[in-house]
Protein chains: 2
Amino acid sequence: MSITIKKIAEICNVSRGTVDRVLNNRGKVKPETESFVRKIAEQMGYEPNPAGKALAAKKKNIVVGVVLISEGNPFFDEVIRGIREAEKEYTAYGVRVLIQTMHGYDVEEQCRLMEEVGSQVNALILNPISDLKIQHKIDQLVERGVFVVTVNTDIENSKRSCYVGSDYINGGETACGIMGVLTGGRAKVGVVTGSFKVAGHNQRIAGFKKVMEKKYSQIEILEIVESEDDDILAFEVTNRLLQAYPQLDALFITAGGVYGACRAVLSQARQQHIKIVSFDSAPNTVEMLKQQVIDVTIYQHPYTQGRKAMQIVFSYLVNGLEIKKEKHILKNEIKVLENL
Amino acid sequence: MSITIKKIAEICNVSRGTVDRVLNNRGKVKPETESFVRKIAEQMGYEPNPAGKALAAKKKNIVVGVVLISEGNPFFDEVIRGIREAEKEYTAYGVRVLIQTMHGYDVEEQCRLMEEVGSQVNALILNPISDLKIQHKIDQLVERGVFVVTVNTDIENSKRSCYVGSDYINGGETACGIMGVLTGGRAKVGVVTGSFKVAGHNQRIAGFKKVMEKKYSQIEILEIVESEDDDILAFEVTNRLLQAYPQLDALFITAGGVYGACRAVLSQARQQHIKIVSFDSAPNTVEMLKQQVIDVTIYQHPYTQGRKAMQIVFSYLVNGLEIKKEKHILKNEIKVLENL
DNA sequence: TTGTAGGCGTTATCAC
DNA sequence: GTGATAACGCCTACAA
């Protein structure tokens, strides 16, 4: 049988209340009793019972805020689905969720939403814009006692408690790893990135180069162009890329604009098949996989990102678990049509 | 606030005990009260609180038995790790785990272990040999009230409640999907399978052929040989395969013997790189990935299989949840060295 | 500074 | 058949 507060209380000859005060650092305990209780609890290997905690936590009425740059982005639809699923599971514990979505990368707008949502909640799940202002806003909310979790994009220097998402460097490494076996280790690659201003995109390119240098001396990057995650722009820049480099035989698409880039490839109707590695599985991307335009795409577990973020919030707020892992990194998975 | 048994009791003007009897089909309730309570509960959308259930379940002292053909198989080391991890988490609810491992595919031995373990437990997690005797033993245990979950291999016709594992057909489809992009849709493939007696291996081949026919008219299987999951045998049969078919340029390894097959490929030192797709990530397989002998390997989430099986047992036994999904299928993931 | 008691939701055990 | 009551482990008022 497991150790309970009650048992510790009996052994220490104090009341359950006192043990609770010690174990949860509520103060108002004589130092001697405190250290004694702590010693016994330690000795017996006390582990709080999550069910008991959860039951008692019902009265707390916990609200979790969510701010995501998700509108028009199918990736985040999945993240939200994960959050909603977890919400369902946690309503029994008095947890509510408050979601605010936004469209573009407007720092002021995100700050405003963070303030609006943050002032009503115990925790905030956030897909932050990489900007100093946002970092400060995070810190400010944390100071006010909000438990902040970043998803998909991290701001390491902020006071946020956790990050849930993928490792972008490894995403690039994985992309090069699979590109290597796709091309027999010999390729002239055009890179269509989202923006040089987005850290994640740059990290993917860095990871790609890292594996290139270490493992594939015959893979070469011809040029890197920006699509601003826009299909029309992607179409144009990819077209130019293809025209400029007739020898190009592979594309590495680090971000959005996948469909536009693919359409450019289709429009040029080259003899040789151009190998394409992309990210995520937006409907358009899946369509291009079906048409065998894209060879593989790399998947970042969006649903799990949402779910996991909620789990972390829950176990902190409801079960009072200390955060052990500051970063929860999900694998970069390689997908073909068959295992999507 | 959510609906509780207490609230329903108040509304129906009965005691909580009566509501509990109705909702858990314990009998000894007047039919009128029964249907009335049921109606109200339905109407209000009653959902039992898992924490409450878990707390009350502590007295039950649940024991989960595990019988795995795991010895000498790194895949199952991971499954066991998943089970152990879940065990830790569930000890707080009075759940104990009893693991028995075995070595080869000895039906009598497995039957004996199933009986030995099965007679002391409330649930059994089993990696079954595909044999009628095992099926009967499962049914027998189920009749005796044991909750049976199969992992990694299923026996569909048995009375087991759940299966946790991968979809073998899809495993083969995925293998062909990635083989297609590896080879530009043009390959002469040798298949090294484990045994024609093992359903899962045959299903992988079937899935592979399915995608071949639908999508890759230029991929062709030259011959299928058996390795009996043994490296030495795999070495020999692969060697013969390579000698018999100089035009062979790809290997599909459906099961064990991966290392032996790779060594055969290395020993023949062909000019052209032979593309290899295998399953799982045993240490030897990882080594061959590192040496760029194997191009990709397909991963079946062994850790998650163990964890999920425990989760299912827990939510059934402790939370009394009805089983909604009879099969919990994990994705076949494509791995290169970089995203292992 | 410490103890007591009631409640979170469910269930098992009595007593009626 | 049914109801009352005491757990399960934890937390929070309030009383001392």
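Keep in mind that what you see is a predicted model, and the values were worked out from it rather than measured. Convention: sequence-line order gives letters A, B, ...; per-chain numbering from 1.
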Over all strands shown, is [X] touching base, sugar-phosphate only, or nothing at heavy-atom distances under 4.0 angstrom?
X: B:Asn13; result: sugar-phosphate
X: B:Pro50; result: nothing
X: A:Tyr93; result: nothing
X: A:Lys30; result: sugar-phosphate
X: B:Lys28; result: base
X: A:Asn49; result: sugar-phosphate

In whole angstroms, how far is the [atom2] atom of [N] from the [atom1] atom of [X]?
X: A:Leu23; N: D:dT12; atom1: CG; atom2: P; answer: 13 Å
X: B:Lys60; N: D:dG9; atom1: NZ; atom2: C1'; answer: 17 Å
X: A:Asn25; N: D:dT12; atom1: CG; atom2: P; answer: 13 Å
X: A:Leu55; N: D:dG9; atom1: CG; atom2: C1'; answer: 8 Å
X: B:Ile8; N: C:dT11; atom1: CD1; atom2: C1'; answer: 15 Å
X: A:Arg21; N: C:dT4; atom1: CZ; atom2: P; answer: 11 Å
X: A:Phe36; N: C:dT2; atom1: CZ; atom2: P; answer: 13 Å
X: B:Ile5; N: C:dC8; atom1: CD1; atom2: C1'; answer: 13 Å

Checklist entry - Counting side-chain heavy atoms from C-beta on, which of C:dT10, D:dG3, C:dT11 comes nearest to B:Asp20? => result C:dT11
Can a side chain N or O of [X] be found less than 4.0 Å away from OP1 or OP2 on [N]?
X: A:Lys6; N: D:dC8; value: yes
X: A:Asn24; N: D:dC11; value: yes
X: B:Thr33; N: D:dG1; value: no
X: B:Thr18; N: D:dG3; value: yes
X: B:Arg26; N: C:dA12; value: yes
X: A:Lys58; N: D:dC11; value: no

Checklist outcome for this item: Between B:Lys59 and A:Glu47, whichever has its closest DNA chain D nucleotide further toward 5' is B:Lys59
Checklist entry - Given A:Glu87 and A:Arg96, is the salt bridge (charged side-chain N to carboxylate O under 4.0 Å, His left out) satisfied, shown in steps? => result CA-CA 7 Å; A:Glu87 179 187 21; A:Arg96 280 181 311 126; over 6 Å; no
Checklist entry - Of the options A:Glu85, A:Glu89, A:Glu78, which is the one that meets A:Arg307 in a side-chain hydrogen bond (donor to acceptor under 3.5 Å, both in side chains)? => result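 The single option meeting the side-chain hydrogen bond (donor to acceptor under 3.5 Å, both in side chains) with A:Arg307 is A:Glu89.
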Next on the checklist: Quiz question: going by heavy-atom distance under 3.5 Å, is there a donor-acceptor pair between the base of C:dT10 and the side chain of B:Arg16?
Outcome noted: yes
Next on the checklist: Between A:Asp154 and A:Arg160, is the salt bridge (charged side-chain N to carboxylate O under 4.0 Å, His left out) condition met? List the steps.
Outcome noted: CA-CA 9 Å; A:Asp154 196 16; A:Arg160 60 101 183 100; 2.7 Å; yes
Item to check | B:Tyr316, OH: over 12 other non-hydrogen atoms inside 6.0 angstrom | outcome: no
Checklist entry - Taking atom CD of B:Glu42 as the centre, does the number of heavy atoms from other residues, nucleotides or ligands within less than 6.0 Å exceed 12? => result no
Next on the checklist: I'd like to know if the side chain of B:Asn24 reaches the main chain of B:Arg26, judged simply by a donor and an acceptor atom lying under 3.5 Å from each other, with no hydrogens or angles considered.
Outcome noted: no
